[in-house]
Amino acid sequence: MSLRILITNDDGVDAPGIAIMADIARALSDDVWIVAPDGNQSGAGHRFTLGHELTIDQRDARTFSVVGGSPADCVVAGMTHLLGDRPADVVLSGVNAGQNLGDIINCSGTAAGAREGSMQGAIGIAMSQGINYEHGRNVDWSNARQHGVAAARAVIEAAEGRDHYYNINFPFCDPATTKGIAVVPHQRFSRSPFRYYPSDNAGKFFVAIPETPLPLDPEADFEVMRRDGFVTVTPMRLQQTDMRVVERLAGKLSL
């Protein structure tokens, strides 16, 4: 039986990256479904639209958008309703326009789509195409196009259980010079990269990332993708409890 694959993203159902993800998925399976937000939900993280009614817009037999919904909403709608009595084996989230590296994973709607996929029982994989922001914000999708199928297949074949999801980032170098796949931890920044950023409009501001906090770990995803030109794969645990701290604090806290 062919893998059943569900695709979502946080850039919206009409974003160019989701079309690339559909090509990747269809190289792996002929049972591919798309359930994605109707518009941009970047930075939504694992937000659910709780307490508000949502509408599903059917685009074709296996493509749906959730009006005003987050990536997590979309995965829930797909896995528990739209795909009927056979949920997806794999949830692919992306391909995001821009890297999702380091602590930024924590707010990423792309990562959340994969995370919710794993929580629903699938192999959850987030994919992002890196951008060299020093040269503008235009996305060169060639690395994701050339290496996406191989990267997804490698993770699917290696995945064990459903206690993890996987965060993949494609470098912005020439695909011919990409050095391979590196399995790496995500970069823990010295502080949150997000900052108050003033607007030109009086009394208004943005939350933005004006600079990358330093220093950077040379063995973590940020540098291995940007500096070394690898496709990075970071396995992320769903169980977030630090058992070492549990053991250290056991019997030491009291009221």
Do Arg248 and Arg244 make a side-chain contact, defined as non-hydrogen atoms from C-beta onward lying under 4.5 Å apart? no
Does CD in Glu53 sit with more than 12 non-hydrogen atoms of other residues, nucleotides or ligands closer than 6.0 Å? no
What are the two closest non-hydrogen atoms of Pro37 and Gly69, and how far apart are they? CB-O, 3.3 Å
Could you list the donor-acceptor pairs under 3.5 angstrom formed between side-chain atoms of residues 77-85 and any protein atom two or more places apart in sequence or on another chain?
{"unit_1": "Thr80", "atom_1": "OG1", "unit_2": "Val76", "atom_2": "O", "d": "2.6"}

For Pro218, is there any backbone N or O sitting under 3.5 Å from a side-chain donor or acceptor partner on Arg227? yes
If every non-hydrogen atom of Trp33 is compared with every non-hydrogen atom of Ala61, which pair is closest and at what distance? CZ3-O, 4.0 Å
Which residues pass the side chain to side chain contact (heavy atoms under 4.5 Å, CB included) test with Thr110, sequence neighbours left out? Asp10, Ser93, Asn96, Asn100, Ser108, Ala126, Ser128
Where the side chain of Gln129 meets the backbone of Pro171, is there a donor-acceptor pair that is under 3.5 Å apart? yes
Against Val13, only a single residue in Val35, Asp57, Ile7, Thr63 fulfils side chain to side chain contact (heavy atoms under 4.5 Å, CB included); can you say which? Thr63
Any idea which heavy atoms bring Gly94 and Asn9 closest together, and the distance? O-CB, 3.7 Å
May I have all residue pairs that pass ring pair (Phe, Tyr, Trp, His ring centres under 6.0 Å) and include part of residues 215-255, sequence neighbours excluded? Phe189-Phe222
Quick note, ring pair (Phe, Tyr, Trp, His ring centres under 6.0 Å) partners involving residues 43-68, not counting sequence neighbours, are His46-Phe48
Show the nearest heavy-atom pair for residues Pro198 and Phe206, with the distance to one decimal. O-CD1, 4.2 Å
Is Ile24 close to Met127 at the side-chain level, that is, under 4.5 Å between some pair of heavy atoms? yes
Would the distance check show the side chain of Asn143 and the main-chain N or O of Cys173 forming a donor-acceptor pair, the cut-off being under 3.5 Å? yes
Between the side chain of Asp73 and the main-chain N/O of Thr49, is any donor-acceptor distance below 3.5 Å? yes
Are any non-hydrogen side-chain atoms of Gln187 and Leu101 less than 4.5 angstrom apart? no
Looking at Asp14 and Arg59, does any basic side-chain N land under 4.0 Å from a carboxylate oxygen? yes
Between the side chains of Asp221 and Thr232, is a donor N or O closer than 3.5 angstrom to an acceptor N or O? no
When rounded to the nearest 0.5 angstrom, what distance separates CD1 in Ile123 from NE2 in His164? 12.5 Å
Co-members of Met119 in a cluster of I, L, V, M, F, W and Y side chains, linked at under 4.5 Å: Ile105, Tyr165, Met236, Leu238
Do side-chain atoms of Glu223 reach the backbone of Asp228 as a donor and acceptor pair under 3.5 angstrom? no
If I compare all heavy atoms of Asn132 with all of Phe172, which pair ends up nearest, and what's the gap? N-CD2, 3.5 Å
Report yes or no: do Asp31 and Ser29 form a side-chain donor-acceptor pair below 3.5 Å? no
Report yes if some heavy atom in the side chain of Arg188 is under 4.5 Å from a heavy atom in the side chain of Asp103; otherwise report no. yes
Please tabulate, for the side chains in residues 146-163, all donor-acceptor contacts under 3.5 angstrom to protein atoms that are two or more places apart in sequence or on a different chain.
{"unit_1": "His147", "atom_1": "NE2", "unit_2": "Pro175", "atom_2": "O", "d": "3.1"}
{"unit_1": "Arg162", "atom_1": "NE", "unit_2": "Gly121", "atom_2": "O", "d": "3.0"}

Hey, could you give me the NZ/CD distance between Lys252 and Glu247, rounded to the nearest 0.5 Å? 11.0 Å
Under 3.5 Å: donor-acceptor pair, side chain of Arg195, backbone of Pro210: no
Does Tyr133, at its OH atom, have more than 12 non-hydrogen atoms belonging to other residues, nucleotides or ligands within less than 6.0 Å? yes
Minimum heavy-atom distance Glu219-Pro185, with the two atoms named: O-CD, 3.7 Å
